[in-house]
2 protein chains.
Amino acid sequence: MKTVTIKDVARHAKVSISTVSRVLNESGYVSEQTSQRVWRAIEALNYKPNQLARSLTTGRSRTIGLVLPDITNPFFPAVARGVEDAANVNGYTVILCNTDADPEQEKAYVTALREKRVDGFVFTVSGPDASTILGLIEADIPVVVIDRCVEGASVDSVLIYNEQWAYEATMHLIGLGHRAIAYINGPDDLTTSKERYAGYRKALADAGVSFNPALVRTGDFRYPSGHARMRELLASGQEVTAVFAANDMMAIGAMRAIQEWGLRVPEDIAVVGFDDILLASLIKPSLTTISQPAYHMGALAVEMLLERIGGAQGGEARTKICHARLVVRESCGGRREEFGTRNRGVGQP
Amino acid sequence: MKTVTIKDVARHAKVSISTVSRVLNESGYVSEQTSQRVWRAIEALNYKPNQLARSLTTGRSRTIGLVLPDITNPFFPAVARGVEDAANVNGYTVILCNTDADPEQEKAYVTALREKRVDGFVFTVSGPDASTILGLIEADIPVVVIDRCVEGASVDSVLIYNEQWAYEATMHLIGLGHRAIAYINGPDDLTTSKERYAGYRKALADAGVSFNPALVRTGDFRYPSGHARMRELLASGQEVTAVFAANDMMAIGAMRAIQEWGLRVPEDIAVVGFDDILLASLIKPSLTTISQPAYHMGALAVEMLLERIGGAQGGEARTKICHARLVVRESCGGRREEFGTRNRGVGQP
DNA sequence: TTGAAAGCGTTACCAG
DNA sequence: CTGGTAACGCTTTCAA
């Protein structure tokens, strides 16, 4: 496998490699005639510049690392598409890594990607440990954190008002007359979980509904944990007429547990989720949830990242807050979904 | 951002860069004492080798490209996890690309990845055009094709017997007494579609059920197309008592269309899918489908790829056939799902 | 408008 | 066991 190099092109076109480089990068002057000759040589030889070599000299790899906890949660593929598309438009490639919500994995990936000299990171942190992010900042490597914030670090981030939207979700249930509202949280140490939990409690407080700690459980954002926590709640004998889960995967798990227990959704227990993954509108009953613009958030993160990469290193950390909204469907009874307005993330402008 | 290089380490440890390289790669002899000193320097300086430079000299990037049509179809994230995990175990990084089933995108990605000098590709082709694959083969770049085969090219591949399993699926419906069985195919030009279609027809033929071309429609493997094709079928006035869709996303779309039409699944129309994405077991009614070991297929593809990368360039193209199976659930009435044995892909050994 | 040559950070070969 | 020194393929001054 003899690779064609810039040298071969130069020889073929009977010019110096500097000239080939110039026409390739459209840098510096080169006569129309020579340029033609070089292009012909490039095509004749089917030459592809070696980006590795290029990166080594320029110091930029035109690659960004995307670090996510779990690509099998449909929320993240939507984010990933947004990141990928926005990156591609700008000539960047994305390396996607799954941490399985494991901080060790996360560290390992970041190390590997740093060694590959990615130009920046888009991140959904897997745990409360800020050290990885801090390491990046210290090394002056651009990072944008998405969906979760990092306590103790000043980073660019793309977020939604988790507390507010959890508040809305809970209020919706309260508005439907529910008082025994269980809450299944995500991992306690994530800001996302804390904020959504805070929203839940604030809603209860504002509505004068007494808070019952026995109705709160902690999951890990995955389907089985929602299922298991819901079973526990049902088995506990506590009265529960509604459940709010910190994300859709857990909400769906909870719904399933309720049905397996012989109860009906929403007649016996209402369910509300968070994220609005595609699945939420497809299951029966369809799931009331908070719709996050996942695709958009990914794309936005890349834009912010590229600005940093483009030089705007200094300055304060910036935070973009994205809009979310409550999508009412069947899983909590009451009103019906506004048709045709739901936001799937992928494919949205 | 002054990056620490091997030179700095050498200076700090008072040895030559050759020595540092040796301890780093555990190549050649180096005294215990020197080694210690070098390691201390590496840690003191927090040195990270530049993989770009390393790749440039060694000629291998320890990166593989994963090219998939659509990461928002849950089948592919499962494959991706398999690929990623297997790659990581072997010290490889994965660059994941979505082609949106667009051959142009596919070409663009392959070009970009080749320029980045990935060591090999794992591929699910988006179309019938073999030229991209042929280009790779010609350039002696290892490729493993997954889930679909490429006509006119001799490539390593990881497949299942699509025809056989489509046959089983159809036979299952026939066995339940159905005769008016519609079929919603994937894109006509993909081998996967052709084979599944062939299985459908063979089952009809073997059972002596007459084939009705008006009952066959073509979708694109995505939810909306399954929904639309099913609506058309219903609107056509043709008698339909069962539908077999070439993948789960379309089957779920079809199911929804049936329900929106005011009919019940499975009482009025039975539905069978193909893939066994997680979603298939979560919806109501749960979906009878052919279970493919997505995660395993991804991992297997990487193993095959690494063997090629490891030198086994010559020889015939190899094909690994993975086992699939029919998972009977609620969407077609009749028997119930065997509990606890379903294969989700991710998480499986 | 073009060419020569000095790196970029590593590895690998060859002396010592 | 260790050090020097060509590559690797490309960009980027600096001269011409």
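In the text below, chain A, chain B and the rest are named by the order of the sequence lines, each starting its count at 1. None of these values were measured; they are calculated from a predicted model.
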Inset, instruction - Determine: side-chain N/O of T19(A) to OP1/OP2 of dG3(C), distance under 4.0 Å, yes or no. - result: yes

Legend entry - Pairwise side-chain contact, D119(B) with P142(B), heavy-atom cut-off 4.5 Å (strictly under): no

Legend entry - Listed once per pair and sorted, the salt bridge (Lys or Arg N to Asp or Glu O under 4.0 Å) pairs that draw on residues 60-80 of chain A, sequence neighbours left out: D70(A)-R81(B)

Inset, instruction - For N88(B), check side-chain contact (heavy atoms from CB on, under 4.5 Å) against everything at least two apart and list the hits. - result: Y109(A), E84(B)

Inset, instruction - Indicate yes or no: at least one non-hydrogen side-chain atom of T63(B) is less than 4.5 angstrom from one of K116(B). - result: no

Legend entry - Within residues 5-16 of chain A or reaching into it, pairs that qualify as salt bridge (Lys or Arg N to Asp or Glu O under 4.0 Å) - sequence neighbours excluded: D8(A)-R11(A)

Legend entry - Difference in axis direction between the ends of the helix from dT1(C)-dA16(D) to dG16(C)-dC1(D), five pairs, 10°: 40°

Inset, instruction - Quick one, give me the B/S/- string for nucleotides 10-16 of chain D, reading 5' to 3', where B means a protein heavy atom under 4.0 Å from the base and S means that only happens at the primed atoms, P, OP1 or OP2. - result: BBB----

Legend entry - Pairs touching residues 22-43 of chain A that satisfy salt bridge (Lys or Arg N to Asp or Glu O under 4.0 Å), sequence neighbours left out: none

Inset, instruction - Could you check which of dG3(C), dC8(C), dT2(C) has an atom nearest any side-chain atom of V15(A)? - result: dG3(C)

Inset, instruction - Can you figure out which of dT2(C), dG9(D), dC1(D) approaches the side chain of Y29(B) most closely? - result: dC1(D)

Inset, instruction - With side chain to side chain contact (heavy atoms under 4.5 Å, CB included) as the test, would you mind laying out the steps for T3(A) and N50(A) before giving the verdict? - result: CA-CA 9 Å; T3(A) 11; N50(A) 183 330; over 6 Å; no

Legend entry - Short side-chain N/O contact from T34(B) to OP1 or OP2 of dC1(D), under 4.0 Å: no

Legend entry - Length of the line joining L52(A):CG and dG7(C):P, which is rounded to integer Å: 22 Å

Inset, instruction - Whole angstrom is fine here: how far is it from NZ in K116(B) over to P in dG9(D)? - result: 18 Å

Legend entry - Exercise: do S131(A) and K107(A) side chains pair donor with acceptor under 3.5 Å: yes

Inset, instruction - With the side chain counted from C-beta on, respond yes when T72(A) and Y295(B) share a heavy-atom pair under 4.5 Å apart, and no when they do not. - result: no

Inset, instruction - Could you tell me the separation between the NZ atom of K14(A) and the P atom of dT1(C), rounded to a whole number of Å? - result: 22 Å

Inset, instruction - Find the distance R60(B):CZ to dT10(C):P and express it as a whole number of Å. - result: 19 Å

Inset, instruction - Nearest-nucleotide wise, let me know which of R37(B) and L56(B) is further upstream toward the 5' end of DNA chain D. - result: R37(B)

